Amino acid sequence: MASDPEPLFSTDLISPDVLKALPEGYTCRPLQRSDYQAGFLDVLGVLTTVGNVTEEMWNERYDWMKRRSDEYYLLCIQDGNGKLVGTGALVVERKFIHTCGLVGHIEDIAVTKDQQGKKLGLRLINALDFVAHKLGCYKASNLSHLSAYCSSAATG
């Protein structure tokens, strides 16, 4: 399938404040189909095991997420050379509570090892929180810090 220049969701949801806070030359944008070739899965590999995802599998999952464009919001950070160096996801859940409200779940924050220490993970969380609020979520949660705490508490 040909490369899709269309992003997974509208760039209108990208926080101007986060864009300003990134290092010079860096940008934050929605996931694109072409990010398979751009090394998106390598960035995720910093976080956890990705497995052998073929381009066909990627395209099927990308299309599935795009059809659910009101549920899945994946962001990428590119450095000044256009290399993908960070990613994060927001998954929107529909609830009955809060008058059938929306909750955003921030997940899969990953930054390449050579870019860590530049607050890119924090920028991704801030950007995804902005998306959640623009969508009308009454809250956005990031439980990755809790699982890391529980894991270290269990072994420590």
Side-chain angles (χ1 to χ4, degrees), residues 1-95 101-137 139-145 147:
M1 187 170 237
S3 180
D4 185 358
E6 290 276 321
L8 192 60
F9 60 92
S10 173
T11 56
D12 293 340
L13 294 174
I14 305 296
S15 166
D17 291 337
V18 168
L19 291 174
K20 284 186 233 168
L22 289 171
E24 188 173 339
Y26 286 55
T27 192
C28 182
R29 62 164 177 78
L31 182 73
Q32 297 174 359
R33 179 184 306 278
S34 60
D35 288 333
Y36 178 85
Q37 292 93 5
F40 178 84
L41 297 175
D42 295 332
V43 177
L44 270 185
V46 173
L47 179 65
T48 191
T49 303
V50 175
N52 184 22
V53 178
T54 66
E55 190 165 6
E56 180 181 357
M57 293 165 66
W58 167 274
N59 287 331
E60 286 175 15
R61 181 55 46 99
Y62 183 89
D63 291 340
W64 186 87
M65 288 180 168
K66 189 151 175 119
R67 284 191 304 271
R68 288 156 182 82
S69 62
D70 60 346
E71 293 180 54
Y72 293 93
Y73 301 85
L74 280 71
L75 288 175
C76 297
I77 292 182
Q78 289 180 294
D79 69 10
N81 298 317
K83 178 183 173 200
L84 293 183
V85 296
T87 185
L90 173 74
V91 180
V92 178
E93 176 186 6
R94 277 125 184 89
K95 309 287 270 182
L102 304 174
V103 174
H105 299 281
I106 296 172
E107 303 179 353
D108 300 340
I109 302 298
V111 176
T112 59
K113 293 206 182 289
D114 66 323
Q115 297 289 317
Q116 292 176 5
K118 297 181 180 180
K119 299 189 177 188
L120 299 180
L122 176 62
R123 302 296 177 239
L124 283 162
I125 292 169
N126 292 342
L128 292 164
D129 188 58
F130 181 86
V131 172
H133 287 355
K134 290 271 282 190
L135 295 172
C137 294
K139 73 176 179 176
S141 61
N142 176 8
L143 299 180
S144 63
H145 67 284
S147 63

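Along the sequence shown, residues are numbered consecutively beginning with 1. Just so it is clear, the structure is predicted and the values come from calculations on it, not from any experiment.
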Side chain to side chain contact (heavy atoms under 4.5 Å, CB included) between Thr27 and Leu19, intermediate numbers included: CA-CA 6 Å; Thr27 192; Leu19 291 174; 4.0 Å; yes
Test side chain to side chain contact (heavy atoms under 4.5 Å, CB included) applied to Thr54 and Glu60, step by step: CA-CA 10 Å; Thr54 66; Glu60 286 175 15; over 6 Å; no
Cationic N near anionic O, under 4.0 Å, Lys83 to Asp114: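 Judged by the 4.0 Å cut-off on N to carboxylate O distance, Lys83 and Asp114 do form a salt bridge.
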Parallel, tilted or perpendicular: rings of Tyr72 and Trp64 (30°, 60°):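 Rings of Trp64 and Tyr72: tilted, as their planes differ by 30° to 60°.
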Taking C-beta and beyond as the side chain, do [X] and [Y] meet within less than 4.5 Å on heavy atoms?
X      : Y      : value
Pro30  : Ile14  : yes
Phe130 : Pro16  : yes
Asp42  : Thr112 : no

Stepwise side chain to side chain contact (heavy atoms under 4.5 Å, CB included) check, Asp35 with Arg29: CA-CA 11 Å; Asp35 288 333; Arg29 62 164 177 78; 2.6 Å; yes
First locate atom [atom1] of [X], then atom [atom2] of [Y], and finally report the distance between them rounded to the nearest 0.5 Å.
X      : Y      : atom1 : atom2 : result
Asn126 : Asp17  : CG    : CG    : 9.5 Å
Tyr26  : Gln115 : OH    : CD    : 3.5 Å
Leu8   : Arg68  : CG    : CZ    : 12.0 Å
Asp63  : Trp58  : CG    : CH2   : 11.0 Å
Asn59  : Met57  : CG    : CE    : 11.5 Å

Pick one: which of [options] meets side-chain contact (heavy atoms from CB on, under 4.5 Å) with [X]?
X      : options                      : result
Cys28  : Ile77, Leu120, Leu128, Thr11 : Ile77
Leu102 : Arg94, Lys139, Lys95, Glu93  : Arg94
Gln116 : Lys118, Lys119, Lys113       : Lys113

Stepwise side chain to side chain contact (heavy atoms under 4.5 Å, CB included) check, Arg33 with Lys66: CA-CA 10 Å; Arg33 179 184 306 278; Lys66 189 151 175 119; 5.7 Å; no
Taking all non-hydrogen atoms of both residues into account, name the closest pair between [X] and [Y] and its distance.
X      : Y      : answer
Tyr36  : Glu55  : OH-N, 3.2 Å
Ile106 : Asn142 : O-OD1, 3.6 Å
Leu90  : Gly104 : CD1-CA, 3.6 Å
Gln32  : Pro7   : CG-CA, 4.2 Å
Tyr73  : Asp70  : OH-CA, 3.2 Å
Thr87  : Leu44  : CG2-CD2, 3.8 Å

Residue Arg61 excluded, over 12 heavy atoms near CZ under 6.0 Å: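 No.
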